[in-house]
J.: 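What follows is a single structure, and I will ask about it in a moment.
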Amino acid sequence: MPTPTSPEPASDAAAEGGNEVPFRYTAALAEQIELRWQDRWDELGTFHTPNPSGPLTDGNGANADPAKRSFFLMDMFPYPSGAGLHVGHPLGYIGTDVVGRYRRMCGDNVLHALGYDAFGLPAEQYAVQTGQHPRVTTEANIEIMRRQLRRLGLAHDPRRSFATIDADYVRWTQWIFLQIFDSWYDEDAVRPDGGRGRARRIGELVEQYEAGTRSLPADAPATSWAELDSVGRRRVLDAHRLAYVSETPVNWCPGLGTVLANEEVTVDGRSERGNFPVFKRNLRQWQMRITAYADRLADDLDLIDWPEKVRLMQRNWIGRSEGAEVRFEIIGGDEVTVFTTRPDTLFGATFMVVAPEHPLLDEVPAQWPDGTHGAWTGGHDSPLAAVAAYRAQTAAKSAVERQADAGRKTGVFTGHVAINPTNHELIPVFTADYVLMGYGTGAIMAVPAHDQRDWDFARDFELPVVRVIDGPGDIEVEAYTGDGVAMSSSHDDLSLDGLAVTEAKRTIIAWLEEHGIGRGTVTYRLRDWLFSRQRYWGEPFPVVYDEHDLPIALPDELLPVELPEVPDYSPRTYEADDVHSEPEPPLGRNEEWVNVTLDLGDGPKTYRRDTNTMPNWAGSCWYYLNYLDPGRRDVVVDPELERYWMGAGHDDLAGVSGGVDLYVGGVEHAVLHLLYSRFWHKVLYDLGRVSAVEPFRTLFNQGYIQAFAYRDDRGQPVPAAEVVEDAEASTGFTWQGQPVTQEYGKIGKSLKNMVTPDEMYAAYGADTFRLYEMSMGPLDLSRPWDTRAVVGSQRFLQRLWRNVVDETTGEVTVVDVEPDQETLRALHRAIDEVRTEMDGMRFNTAIARLIVLNNHLTGLAEVPRSVAATAVLLAAPFAPHIAEELWSRLGHEQSLAYESYPVADPAYLVEETVTCVVQVQGKVRDRIEVAPGIAEDELVALALASAGAQRAMDGKPARRVIARPPGLVNIVV
RNA sequence: GCCCCGAUAGCCCAACUGGCAGAGGCGUUCGGCUCAAACCCGAUCCAGUGUGGGUUCGAAUCCCACUCGGGGCACCA
């Protein structure tokens, strides 16, 4: 007999059949209770979180009690998509709600609210399809999502919710942008935390230039500040800004019509959204100088309590590597600086490679030098032709193709010849796309003997391989990249021979520095953050351009710059592989908006607005600050509130970094949002706007809920809810009689395995749904959804209900008696264990302890009132509605939200007797009941005398006895 | 290719610093309740911890190698 995999909801006797048990805890009763309590919480402002001062008070109109510990709890806020929620979405929100309710009952002042991350591509694409303004659909989606989430009974402060598209919010996003724009990074300035290097106002840079304490950059058109005209000065300053416009190679995605950040391009060179090919193009775009913070972003990971995995991912992304820069002279007068992590192998450099975009290639010799190897020319008559052809060829390559070609070495001789600064040997300069312009200096010295990529290139182009590190292996077969002692590395005043790698590096770097041809340096994989997008649905830049085409910040009183109406919301898109296309942002279509007359201090003038918008990440970079006081709008964040909720040492969890006490979200944001947000926070820290060193003190990654899906023999997904288990089918499952195969995957429409929270509310109620999600397993683990198992959580709540309320009469059945010793012990053990598990966020095991206690109560003839009340409090964080209902039926007028979470009495935790395991040779042979405080010799004597031990020892003497009183004795014979 | 994480009963998952493999839930089967059924109550079934080795009095737990699954990075000099 086949059984359905997704059965009917638990039958609802009260609703369906007669009314024999009108007070059974069914889905219908749960709904009544839940809706009633949700309304009540709203009416009373139960979860209004008080600030220590200001208008945000608690439900009784009071500010925060300074004696209470503050606890700032956050979810990664949702994107309000129109697709609707499935059962996987609320997992993290339920988890944080449990933490928040628990911490609140432990006496903390808990800040927990939920905003909406509402700019972005899906809303824009929907608007393009429907012609409706994205604001209309986005706000409608937010309303739908609010309703769905409210039904869960989340204890959020509703006054602190907001969306990143709100004008009030956009204003401050733009304001922060302008702070970054008005900043430069002073490597030498000392920070409040004692470290070196921090952002400072541009005004302070001007002061330094005016005073002559800082010299102009080498490429400035004058030698002193005074000689520069105002445009020249602005150019110098603009080049220092932390937000700057520059023409650099960026990721251009014709299929989306926009440029993308490195972080938004997948490993195989496609756009994360839409999966279109991405090309490297030189375009003039906004960048954020996140690289200035590379060291701090890497180092401060040690200060925060994050999953090791995420810290590792951030470290890898930042990719710090230490090495040296070495200047090579090029015959004919040029110079090229290379970066290497192995300066100790400098004597083994037999050629040089520059990236195809390298400026050295803007001029190349007219003719091949004498003796040029035939294989080096690529068949061209001159270096000019060869380099031009190679540059064109690589420019047309998409990142996908580059990826596919990785490992295969292409390149061409440039006609340039460099001089190895150590031994003065002449070495040819090649260009090849395995050297990237964006990393290091875009040029390398090639040491084929000790680098596999260089070795591959040398083999293909028949270049010499010179061994300079002694070690095993044959460099005719492959490069030797291991450690070893330097050899063949001496000339004139320098010898590395005999030195180990570390020592050789130190020696050569000192020599390079002494001779002014190089220096020790650090390079990062991290690039500056490409910050503009050619899209409509994002924050406009609060910047205009004058006749010199230089950016000018708008004054604060002109913020927010709001989005103009445009005839068409989409950027111009192109064939996905149209390399030569140009970005064309939609904001440019409103000429009236673009050209604006303003008086910015020197009379009314016409300016041109920036037609780009900020990337979706901008809004999520600082939203945690907005929860602190979303109403207040004269500062980005009140310093007093920031210190109270986030400051270093604001509670015993905050550590030296400070920050949000607990931040829960998916691991998919490990490098994007979490890195950008940390960067913005550090700029705000440098500018004195926040006191915490880091935005998020503790990070927790919740797992994903996935579900089984089924496909028919053509591979088409079939509705999972209609599939039945069928032992007779070859695959074990059938759908409408035909065998289907099972697979495990994401919940969604495409796999036809969608299960929605709404279905769960209807079939079981929110408390059962919450309890089930929390009991499935550890919060950080991904697990399969199983609708069939939800009933177990409902049964638990029904038993809890029945322990207090008579299902037939609705009367409270608890009695005012003293609990017996056994019940007291069960109760206090449960309290103790539940608290331990709650503190460790192990909700699945906490629930298991609750079930044990509840099952004990079920076995009693009558349930003592005090015990029932305690059990209700214990369960309240998980199933708040039924808990409130029972608490009220037990005679309490106030919500239990602020009741103290029960504390165990240690007197009931000590056992009268302990079972001691008697092992012989490590195998259990007997058990004896002993007093917990039994002395070791007495225990050993009892164990040796036990029947099981005697039998197992078989008359042999005990050679050794290991005793761990009172629980274990192991006898070795 | 490199780096992380994981593997315990038919399924989801427990097991404190190494110390009785089972807390809880789903499922199975059986009994009680019932005129009968559902619900409920009680019981029951089921693994020696992915594989192979090592350390130890004792290993799910520590070490080594491997297999499978999930994730991250990948021409970064």
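Numbered from 1 within each chain, the chains take letters A, B, ... in sequence-line order.
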J.: Mind checking the P distance from B/G6 to B/G50? Whole angstroms is fine.
T.: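 Roughly 13 Å separates the two P atoms.
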J.: Can you tell me the distance, in whole Å, between the CZ atom of A/Arg311 and the C1' atom of B/C3?
T.: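 After rounding, the gap between these two atoms is 16 Å.
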J.: With a 4.0 Å cutoff (strictly under), does any side-chain N or O of A/Arg802 reach OP1 or OP2 of B/C39?
T.: no
J.: Applying the Watson-Crick and G-U wobble criteria at under 3.5 Å, what pairs with B/C73? Answer none if nothing qualifies.
T.: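 For B/C73, the partner nucleotide comes out as B/G1, under the 3.5 Å rule.
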J.: Please classify B/G70 as syn or anti, treating any glycosidic angle within 90° of 0 as syn.
T.: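 Nucleotide B/G70 adopts anti.
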J.: For B/C13 and B/C45, measure between their P atoms and round to the nearest Å.
T.: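 The same atom, P, in both gives a distance of 24 Å.
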J.: For B/A60, which nucleotide in any strand shown is its Watson-Crick or wobble partner with both distances under 3.5 Å?
T.: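 Pairing partner: none.
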J.: Regarding A/Asn855, tell me which of base, sugar-phosphate or nothing describes its non-hydrogen contacts under 4.0 Å with the strands shown.
T.: sugar-phosphate
J.: State whether A/Arg342 and A/Asp451 are salt-bridged, where the test is any N-O pair (Lys NZ or Arg NE/NH1/NH2 against Asp/Glu carboxylate O) under 4.0 Å.
T.: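 Salt bridge absent between A/Arg342 and A/Asp451.
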J.: Using whole Å, report how far CG of A/Asp806 lies from P of B/C39.
T.: 20 Å
J.: Taking all heavy atoms of A/Val87 and all of A/Met760, pick out the closest pair and write down the distance.
T.: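 A/Val87 and A/Met760 have their closest heavy atoms at CG1-CG, 3.9 Å.
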J.: Starting at CH2 of A/Trp801 and ending at P of B/C40, how long is that distance when rounded to a whole Å?
T.: 16 Å
J.: Please report the closest heavy-atom contact between A/Phe339 and A/Thr441, naming both atoms and the distance.
T.: N-OG1, 3.5 Å
J.: A/Arg959 near the nucleic acid: base, sugar-phosphate alone, or nothing, with a heavy-atom cut-off under 4.0 Å?
T.: nothing
J.: Taking atom P of B/C5 as reference, at what distance in whole Å does atom OH of A/Tyr704 sit?
T.: 18 Å
J.: Taking atom P in both B/G1 and B/C66, compute the distance separating them and give it to the nearest angstrom.
T.: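 Comparing P positions in B/G1 and B/C66 gives a spacing of 12 Å.
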J.: Give A/Ala789 one of three labels, base, sugar-phosphate or nothing, depending on what nucleic acid heavy atoms sit under 4.0 Å from its own.
T.: sugar-phosphate
J.: When you measure from the centre of the six-membered ring of A/Phe461, is the NZ or CZ of A/Lys409 closer than 6.0 Å and no more than 45° off the axis?
T.: no
J.: In whole angstroms, how far is the C1' atom of B/G6 from the CD atom of A/Glu308?
T.: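 One finds 17 Å between C1' of B/G6 and CD of A/Glu308, rounded.
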J.: Taking atom P of B/C13 as reference, at what distance in whole Å does atom CD of A/Glu837 sit?
T.: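 So the CD-P distance, A/Glu837 to B/C13, works out to 17 Å.
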J.: Would you indicate which nucleotide in B/C13, B/C26, B/C75 comes nearest to any side-chain atom of A/Arg788?
T.: B/C26
J.: Closest nucleotide of RNA chain B for A/Val852 versus for A/Leu781: which of these residues is on the 5' side?
T.: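 Closest to the 5' end, via its nearest nucleotide, is A/Leu781.
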J.: Are side-chain N/O atoms of A/Thr341 and A/Glu322 paired as donor and acceptor at under 3.5 Å?
T.: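 A/Glu322 and A/Thr341 do not have a side-chain donor-acceptor pair below 3.5 Å.
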J.: Ring centres of A/Trp785 and A/Tyr772 under 6.0 Å apart?
T.: yes
J.: Specify the separation, in whole Å, of atom CD of A/Glu807 and atom C1' of B/C39.
T.: 8 Å
J.: With a 3.5 Å limit on both atom pairs, tell me what B/C13 is paired to, counting Watson-Crick and G-U wobble, or say none.
T.: B/G22
J.: Is the distance between the ring centroids of A/Tyr764 and A/Phe769 less than 6.0 Å?
T.: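 Ring centres of A/Phe769 and A/Tyr764 not closer than 6.0 Å.
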J.: Work out how far the P atom of B/G71 is from that of B/G27, and round it to whole angstrom.
T.: 30 Å
J.: Is the shortest side-chain N/O distance from A/Arg795 to OP1 or OP2 of B/C41 below 4.0 Å?
T.: no
J.: Are OP1 or OP2 of B/A14 and a side-chain N or O of A/Asn844 less than 4.0 angstrom apart?
T.: yes
J.: Please check if the distance between the ring centroids of A/Tyr439 and A/Tyr524 is under 6.0 Å.
T.: no
J.: Considering residues at least two apart in sequence or located in another chain, which fulfil the salt bridge (charged side-chain N to carboxylate O under 4.0 Å, His left out) criterion with A/Arg525?
T.: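 Expected list: none.
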J.: Counting only side-chain heavy atoms from C-beta out, which of B/A74, B/G24, B/A77 sits nearest to A/Arg525?
T.: B/A74
J.: Checking base pairs now: Watson-Crick or wobble, both atom distances under 3.5 Å. What partners B/G42?
T.: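 Partner of B/G42: B/C30.
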J.: Polar atom pairs between nucleotides 54-59 of chain B and protein, under 3.5 Å, N or O only, would you list them?
T.:
residue : atom : partner  : partner atom : Å
B/C57   : OP1  : A/Arg960 : NH1          : 3.2
B/C57   : O2   : A/Asn970 : ND2          : 2.1

J.: What integer number of Å spans the P atoms of B/U17 and B/A60?
T.: 15 Å
J.: If you check the A/Leu312 side chain, which of B/C12, B/C39, B/C4 turns out closest?
T.: B/C4
J.: Using the C1' atom on both, measure B/A15 against B/G54 and round to a whole Å.
T.: 24 Å
J.: Looking only at atom C1', what distance separates B/C75 and B/G69, rounded to whole Å?
T.: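 29 Å, rounded to whole Å.
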J.: So what does A/Ser321 touch, heavy atoms closer than 4.0 Å: a base, only the sugar-phosphate, or nothing?
T.: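 Since only primed, P, OP1 and OP2 atoms lie under 4.0 Å of A/Ser321, the category is sugar-phosphate.
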J.: Determine the interatomic distance between P on B/C46 and the same-named atom on B/C35; round to the nearest Å.
T.: 35 Å
J.: Salt bridge or not between A/Arg825 and A/Glu822? Use side-chain N to carboxylate O under 4.0 Å.
T.: no
J.: With a 4.0 Å cutoff (strictly under), does any side-chain N or O of A/Thr836 reach OP1 or OP2 of B/C16?
T.: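 Checking B/C16 against A/Thr836, no side-chain N or O comes under 4.0 Å of OP1 or OP2.
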J.: Using the closest heavy atom to pick a nucleotide of RNA chain B for each, name whichever of A/Val924 or A/Met437 lands nearer the 5' end.
T.: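 By nearest-heavy-atom nucleotide position, the 5'-most residue is A/Val924.
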J.: Would you kindly give the CG-to-P distance between A/Leu968 and B/A15, to the nearest whole Å?
T.: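 After rounding, the reported distance stands at 20 Å.
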J.: According to a strict under-4.0 Å criterion, is A/Arg799 in side-chain N/O contact with OP1 or OP2 of B/C41?
T.: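 So the side-chain polar atoms of A/Arg799 do come within 4.0 Å of the phosphate oxygens OP1 or OP2 of B/C41, strictly under.
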